[in-house]
Colleague: 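Got a structure for you, questions after.
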Amino acid sequence: AKAQGGAGYRFYTPDMNTRAMERLLLQNQLHQALELGQFQVHYQPQMDLRSGRICGVEALVRWQHPERGLVPPAEFIPMAEDTGLIEPLGEWVLRTAAREVRGWQDRGLPALNLSVNLSPRQFRHPDLPGMVERVLAESGLEAERLELEITERLIIVDLEHTVDTLSRIARLGVRVSIDDFGTGHSSLAYLKRLPVHALKIDREFVDGIGQDSDDAAIAEAVIALGRTLRLQVIAEGVETREQASFLREHGCDAVQGFFIARPMPAGELTGWLS
Ligand code: C2E
Ligand code: CA
Ligand code: CA
Ligand code: CA
């Protein structure tokens, strides 16, 4: 057992080092990825439940790594957030998506709303409203077409700053939605005070519709809350017809999920739309 323990130790240490080094390598590569043009924006359609029409898209960033292939955001967004890269990267995503969505409209496709995720660090940046204003001016995308998604976690960190930033964004005519709603701990009192326009029911609750009565009850409660506060409610992670029907019957405004379509590159989306 002792010998094995020794061998185990010898294998254990290099493994730890390898992982730390891999992380460091990835971090360095991430930093260059923006200049090297390795990021892409994919778009996931959102469907209005009353009209059945595609009303918008959510922009989701992808990293086309030369050796690893498509790296999902869960693997590099936290890293980008830690290192600060999220600021130029987030701006790049917003600029690229605004330009592309506006471009489809110019080419005769029905006008779409665009949702873009904002990380906590981007939200804390004092010039965020200025940056958004410049991107709108450059791209020609109408402010009313843009929706920025923030999470509940970010709201409670500094309520005063949150209210101030959200008000400045609202004055531009840009809408704000609360992403992953129900998973954080934003109190209803905050929600009433904040200039936000929409709630996104988290996938976690949508998942259980048709299987888990608690999840269905939570989804229903969020829809009811949204209606009371006159907020738009959109459900994400909708994978089945049953979930979509349930949500429509309970007054949800829009859905997004694999049931409608997966996120896809711009070229594919314009084909899918026409
Ligand atoms: P999110 O904002 O909650 O985005 C929705 C995620 O759910 C996306 O994962 C999407 O591909 C996935 N999804 C959509 N429909 C379904 C479905 O029906 N079933 C399942 N199982 N999944 C579905 P993705 O693209 O991997 O993004 C993960 C997270 O990374 C996002 O979660 C968001 O928090 C973050 N992210 C992505 N792009 C950006 C970005 O440009 N900036 C920032 N700050 N964060 C981003
Ligand atoms: Ca989102
Ligand atoms: Ca979400
Ligand atoms: Ca559940």
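Numbering of ligands and ligand atoms starts at 1, following listing order.
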Colleague: Can you give me the closest heavy-atom contact between Trp272 and Pro45, atom names plus distance?
Modeller: CZ3-CG, 3.6 Å
Colleague: Would a single hydrophobic cluster contain both Val101 and Leu269, if residues Ile, Leu, Val, Met, Phe, Trp and Tyr are joined by side-chain heavy-atom contacts under 4.5 Å?
Modeller: yes
Colleague: Around atom NE2 of His31, are there more than 12 heavy atoms of other residues, nucleotides or ligands at under 6.0 Å?
Modeller: no
Colleague: Taking atom CE of Met79 and atom CH2 of Trp63, what is their separation to the nearest 0.5 Å?
Modeller: 7.5 Å
Colleague: Please produce the table of protein N or O atoms sitting under 3.5 Å from N or O atoms belonging to ligand 1, one pair a line, distance to 0.1 Å.
Modeller:
| unit_1 | atom_1 | unit_2 | atom_2 | d |
| --- | --- | --- | --- | --- |
| ligand 1 | 2 (O) | Glu58 | OE2 | 3.2 |
| ligand 1 | 2 (O) | Asn117 | OD1 | 3.0 |
| ligand 1 | 2 (O) | Asp179 | OD2 | 3.1 |
| ligand 1 | 3 (O) | Asp180 | OD1 | 3.4 |
| ligand 1 | 7 (O) | Arg203 | NH1 | 2.8 |
| ligand 1 | 15 (N) | Gln44 | NE2 | 3.0 |
| ligand 1 | 18 (O) | Phe258 | N | 2.8 |
| ligand 1 | 19 (N) | Glu239 | OE2 | 2.5 |
| ligand 1 | 21 (N) | Glu239 | OE2 | 3.1 |
| ligand 1 | 22 (N) | Arg203 | NH1 | 3.2 |
| ligand 1 | 25 (O) | Arg62 | NH1 | 2.8 |
| ligand 1 | 25 (O) | Arg62 | NH2 | 2.8 |
| ligand 1 | 38 (N) | Val61 | N | 3.1 |

Colleague: For Gln46 and Ser115, which heavy atoms make the closest approach, and how far apart are they?
Modeller: NE2-OG, 3.6 Å
Colleague: Does a sphere of radius 6.0 Å around CZ in Arg134 hold more than 12 heavy atoms from other residues, nucleotides or ligands, not counting ones at 6.0 Å or beyond?
Modeller: yes
Colleague: Taking 3.0 Å as the upper limit, name the protein N, O or S atoms near the Ca ion (ligand 2).
Modeller: Glu58 OE2, Asn117 OD1, Glu149 OE1, Asp179 OD2
Colleague: Taking atom CZ as the centre, does Arg121 end up with more than 12 heavy-atom neighbours from other residues, nucleotides or ligands that are less than 6.0 angstrom away?
Modeller: yes
Colleague: Of all heavy-atom pairs between Pro88 and Leu34, which one has the smallest distance, and what is that distance?
Modeller: CB-CD2, 3.7 Å
Colleague: What I want to find out is whether Lys200 reaches Glu149 closely enough, with some N-O distance under 4.0 Å, to be called a salt bridge.
Modeller: yes
